Amino acid sequence: MVASPLPSVDSLLRNDAAAVLIERFGRPATVGALRETLAALRAERAFPVSSPAIFDRAADALACRFAASQLPVFNLTGTVLHTNLGRAPLPPEAAAAAEQALRSATTLEYNLETGRRGERDDQVRRLLRTLTGAEDATVVNNNAAAVLLILNTLALAKEVPVSRGELIEIGGSFRMPEIMARAGAKLVEVGTTNRTHSRDFEAAIGPDTALLMRVHQANFVQSGFTAAVHPAQLAEIAHAAGLPMVEDLGSGSLADLARWGLPHEPMPQASLAAGADLVCFSGDKLLGGPQAGLIVGRAGLIRQLNRNPLKRALRLDKGRLAALEAVLRLYLDPDRLAGRLPTLRLLTRPEPDIRAAAERIAPAISAWLPGSLVSIESCRSQIGSGALPADLLPSAAVTVRGSEVDQLAARLRRLPRPVIGRIAEGRVWLDCRCLELGDEPAFVTQLYTHCQARAS
Ligand SMILES: *Cc1c(COP(=O)(O)O)cnc(C)c1O
């Protein structure tokens with residue numbers, strides 16, 4: 001055995017540099033990092049090595065371990081509600097409400113009048129009743145949870161007929177037949193992929209049928225020789241058999257998007273008016289709020305949902321409830337909604353405005369990437385999250401052409417606040433729809449700082 005030429009952990013800990021790391025990261029993490037660094041150097045047989053070099057390496061490892069994994073990014077993908085980038089950006093009043101609720105004790109389940117236990121979802125329920133005209137409402141973790149809770153409550157060990165045209169898969173792992181199975185409901189497939197008729201549902205109803213369900217065709221469009229049962233018809237068939245009709249709207253918008261020149265998207269109000277007994281939709285898709293699953297409909301059915309023990313497992317925390325409440329309050333004033341709700345503001349942003357932003361930031365990109373071919377092009381943005389898949393919004397992008405577009409996109413992703421674009425036609429496309437005026441200084445400063453850093 002040859003004595004290790006590396007210092008011991010104990011001797012390193014007596015060093016001033018160790019005190020600096022302990023102050024910043026705590027003693028256990030610092031000791032661990034020094035131990036791992038020494039082990040790595042020993043394995044690499046990388047000695048002799050100076051103490052400062054050991055500390056540098058341990059400090060890098062610690063910085064890595066303590067870095068937040070969720071970073072703010074610039075979403076220049078052209079998809080406004082990008083599921084991988086966290087969907088809807090919250091309005092400031094919602095973020096502030098969430099922060100305040102998270103930082104202190106609150107009246108989450110406390111009634112100030114009586115000094116006794118109150119109802120967690122009360123305020124959101126009241127707002128949803130006002131906004132949709134529903135008898136009652138409840139909220140859970142997300143829309144997938146809403147579907148799960150509805151089926152588990154109303155259709156456990158019973159049958160649920162669904163059109164074959166609506167047995168959808170949406171990104172990740174949400175597949176309607178699988179959710180139904182996990183909820184304990186028996187799926188009864190009716191109709192065909194392209195055509196389902198009223199008589200298909202009528203024939204599928206039997207003694208074990210729990211409810212009739214309609215699922216919004218998110219993420220895809222059917223055209224050609226197709227037929228679907230209208231919600232009002234489906235509700236009529238359900239009610240004639242004494243069954244509830246449930247509609248999963250997916251995105252669903254509380255405001256009529258046609259008002260702002262956007263393509264119409266199904267609204268929960270309209271589903272209820274057509275006769276649906278329960279309607280569920282997402283909080284962080286077109287609604288523009290935090291992740292949540294909103295359920296509106298008949299008071300008796302909502303009561304049953306709230307009594308299911310699963311509701312407790314799927315409920316919202318106080319931060320998200322506060323944020324959701326703040327977002328719903330914005331809907332009370334539709335006239336100012338497009339200015340105040342970021343999702344709607346981004347979706348309704350006029351193309352000339354986006355083009356002007358592209359023109360303002362293009363020089364910073366040229367400066368950051370000398371010698372590259374930077375140009376401004378027309379493009380089309382997507383709403384995302386399954387909403388209106390066929391409708392694209394006219395937009396403008398800064399495009400960068402280079403021999404290695406993948407590397408270029410990777411370099412943009414490696415900036416301190418990563419810039420996420422999209423690669424097409426041998427270029428990187430930076431769709432400027434989601435780069436608002438307030439974001440521009442940070443965007444431009446980052447690029448100039450980084451080209452200076454490389455130059456020096
Ligand atoms: C998006 C979507 C869901 C799931 O909603 P999450 O809020 O993502 O859980 C369920 N059904 C449909 C039709 C959807 O579009």
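The residues of the chain are indexed from 1 along the displayed sequence. Quantities reported herein were computed from a predicted structural model and do not represent experimental measurements. For ligands, and for the atoms within them, numbers begin at 1 and follow the listed sequence. Keep in mind that the numbers below use all heavy atoms, side chains included, and drop hydrogens, waters and symmetry copies.
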So among R129, K311, R126, which one has a salt bridge (Lys or Arg N to Asp or Glu O under 4.0 Å) with D121? K311
Tell me which protein heavy atom sits closest to [atom], plus the residue, atom name and distance to 0.1 Å.
{"atom": "atom 10 (C) of ligand 1", "result": "N143 ND2, 3.2 Å"}
{"atom": "atom 7 (O) of ligand 1", "result": "S282 OG, 2.6 Å"}
{"atom": "atom 4 (C) of ligand 1", "result": "I170 CD1, 3.5 Å"}
{"atom": "atom 11 (N) of ligand 1", "result": "D248 OD2, 2.6 Å"}
{"atom": "atom 1 (C) of ligand 1", "result": "K285 NZ, 1.3 Å"}

Just which atoms of ligand 1 are under 4.0 Å from any heavy atom in [X]?
{"X": "F174", "value": "10 (C), 11 (N)"}
{"X": "R87", "value": "6 (P), 7 (O), 8 (O)"}
{"X": "I168", "value": "13 (C)"}
{"X": "H216", "value": "13 (C)"}
{"X": "A144", "value": "4 (C), 5 (O), 6 (P), 9 (O)"}

Look at ligand 1 and say whether [X] reaches it with a heavy atom at a distance under 4.0 Å.
{"X": "V147", "answer": "no"}
{"X": "E166", "answer": "no"}
{"X": "T83", "answer": "no"}

Which residues pass the side chain to side chain donor-acceptor pair (under 3.5 Å) test with E325, not counting sequence neighbours? R329
My understanding is that only residues two or more places apart in sequence, or in another chain, count here; which of them pass side chain to side chain donor-acceptor pair (under 3.5 Å) with R195? none
Taking atom types as modelled, find out whether S198 and Q233 have a side-chain donor-acceptor pair closer than 3.5 angstrom.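 There is such a pair between these side chains.
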Any side-chain donor-acceptor pair under 3.5 Å between E247 and S271?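 S271 and E247 do have a side-chain donor-acceptor pair below 3.5 Å.
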How many angstroms lie between atom CG of L286 and atom CZ of F281, to the nearest 0.5 angstrom?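 The distance works out to 11.0 Å.
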Could you give the distance from CG (L148) to CE (M180), rounded to the nearest 0.5 Å?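 Answer for the CG-CE pair, L148 versus M180, is 11.0 Å.
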Within the structure provided, determine whether C280 and I150 are in side-chain contact (heavy-atom separation under 4.5 Å).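 Yes - at least one pair of side-chain heavy atoms lies under 4.5 Å apart.
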For the pair F66 and F25, name the ring-plane relationship: parallel under 30°, tilted 30 to 60°, perpendicular over 60°. tilted
